[in-house]
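Given the structure is predicted, the values throughout are model-derived calculations rather than measurements.
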Amino acid sequence: MTRLSARIAVTGTPGTGKTSVCSISNWQSVSVKKLAETNGCLEPIDHRDGAAPVDVEKLSSILKEGWSKTKEDVLIDGHLSHHLPVDAIVILRCHPETLEARLGKRNYSEDKIRQNTESELLGSIASEAFEMTDVPCFEIDSSANESTEIFQRLMDWLADGFKPSRPSVAIDWIERIHGSD
């Protein structure tokens, strides 16, 4: 059976391993930032946090039109990738303590580390992806898994026709850390 080509968003909180997974794959990969730059959707740098916001609505509209003409295997790397017109979404999750250590090695500010670990603890990106789209979503705990293992799990899910289309039990760091009452 021939597999159809797919555009897969690889999303998650900064530090969960998105770029590492995309870079070891044999697939073409592109970052949301690069797509935004190429398509004129990158806004001026916000001096409060040093980031250049992406006009996701404009980018999504441009890509939807352009991508309708071609079909290719591509991984879209970025914490906003689930907002783009993709065939499936892989959400990388990372235990907040592990994430805090990873972000510390990147020399993130204490405030930025806190914001990102809180976002991961609450599952903000996963929740967004599950609520905003009807495309298949797959969560992977990247806390201890190597990028090659994560990519293989992604490929197995793809080969199985993106089944299941949603996790039966979503990753819940609060429950794992504090237990359920």
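Of all heavy-atom pairs between Ser119 and Thr13, the closest is OG-OG1, 4.2 Å.
Shown here are the side-chain hydrogen bond (donor to acceptor under 3.5 Å, both in side chains) partners of Arg7, two or more places apart in sequence or in another chain: Thr70. In terms of the side-chain contact (heavy atoms from CB on, under 4.5 Å) criterion, residue partners of Asp77 (sequence neighbours excluded) are, by chain and number, Lys18, Thr19, Cys22. Under the side-chain contact (heavy atoms from CB on, under 4.5 Å) criterion, Gln115 pairs with Asp111, not counting sequence neighbours. In terms of the side-chain contact (heavy atoms from CB on, under 4.5 Å) criterion, Asn107 has no residue partners (sequence neighbours excluded). Not a single side-chain hydrogen bond (donor to acceptor under 3.5 Å, both in side chains) links Ser165 to another residue, sequence neighbours left out. For Glu118, the salt bridge (charged side-chain N to carboxylate O under 4.0 Å, His left out) partners at least two apart in sequence or on another chain are Arg114.
Of the possible donor and acceptor atoms, none in the side chain of Ser61 sits under 3.5 Å from a partner among the backbone N and O of Lys58. With hydrogens and angles disregarded, no donor-acceptor distance shorter than 3.5 Å links the side chain of Ser60 to the backbone of Val56. Although no hydrogens or angles enter the test, the distance criterion places no donor-acceptor pair under 3.5 Å between the side chain of Thr117 and the main chain of Glu100.
Contacts classified as salt bridge (charged side-chain N to carboxylate O under 4.0 Å, His left out) and involving residues 140-155 (residues at least two apart or in different chains) are given here: Asp141-Arg176. For the ring-ring contact (aromatic ring centres under 6.0 Å, His included) condition, no pair includes a residue of residues 39-77, sequence neighbours left out. A ring-ring contact (aromatic ring centres under 6.0 Å, His included) check over residues 109-145, counting only residues at least two apart or in different chains, returns the pairs Phe138-Trp157. Under the side-chain hydrogen bond (donor to acceptor under 3.5 Å, both in side chains) criterion, the residue pairs touching residues 83-98 are Lys71-Asp87, His83-Glu128, Arg93-Glu120, Arg93-Glu139, with sequence neighbours excluded.
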Starting from the C-alpha separation in whole Å, work towards a yes-or-no answer on side-chain contact (heavy atoms from CB on, under 4.5 Å) for Val10 and Leu92. CA-CA 7 Å; Val10 180; Leu92 298 186; 4.1 Å; yes
Quick one: do Lys33 and Val54 satisfy side-chain contact (heavy atoms from CB on, under 4.5 Å)? Show the steps, please. CA-CA 7 Å; Lys33 181 180 179 184; Val54 173; 5.7 Å; no
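Side-chain contact between Gln28 and Leu75 is absent, with no heavy-atom pair separated by less than 4.5 Å. Side chains of His79 and Ile125 form a contact here, defined as non-hydrogen atoms less than 4.5 Å apart. No side-chain heavy atom of Leu59 sits less than 4.5 Å from a side-chain heavy atom of Asp55. In this structure the side chain of Cys137 reaches within 4.5 angstrom of the side chain of Ile91, judged on heavy atoms. Counting heavy atoms from C-beta on, the side chains of Ile8 and Val74 never come closer than 4.5 Å. In this structure the side chain of Thr11 never reaches within 4.5 angstrom of the side chain of Val90, judged on heavy atoms.
Linking Ile, Leu, Val, Met, Phe, Trp and Tyr whenever their side-chain heavy atoms come within less than 4.5 Å puts Leu80 and Leu63 in one cluster. The hydrophobic cluster containing Val30 does not contain Ile24, counting ILVMFWY residues as joined when their side-chain heavy atoms lie under 4.5 angstrom apart, directly or transitively. Taking hydrophobic clusters as Ile, Leu, Val, Met, Phe, Trp and Tyr residues chained together by side-chain heavy-atom distances below 4.5 Å, Met155 shares a cluster with Val21. Taken together through direct or relayed side-chain contacts under 4.5 Å among Ile, Leu, Val, Met, Phe, Trp and Tyr, Leu154 and Phe162 form part of one hydrophobic cluster.
Heavy atoms of other residues, nucleotides or ligands lying less than 6.0 angstrom from CD of Glu65 number 12 at most.
Other members of the cluster containing Ile62 do not exist, because no ILVMFWY side chain is joined to it at under 4.5 Å. By the 4.5 Å side-chain criterion applied to Ile, Leu, Val, Met, Phe, Trp and Tyr, Leu122 is assigned to a cluster that also includes Leu121, Ile171, Trp173, Ile174, Ile177.
Annotation: the span from Asp156 atom CG to Lys163 atom NZ amounts to 14.5 Å, rounded to 0.5 Å. Separation of atoms OG (Ser109) and CG (Asn116) is listed at 9.0 Å; rounding is to 0.5 Å. Here Lys34 contributes atom NZ and Leu42 contributes atom CG; the two are 11.0 Å apart, rounded to the nearest 0.5 Å.
Only one option out of Leu35, Val32, Ile89 pairs with Ser81 in a side chain to side chain contact (heavy atoms under 4.5 Å, CB included); it is Val32.
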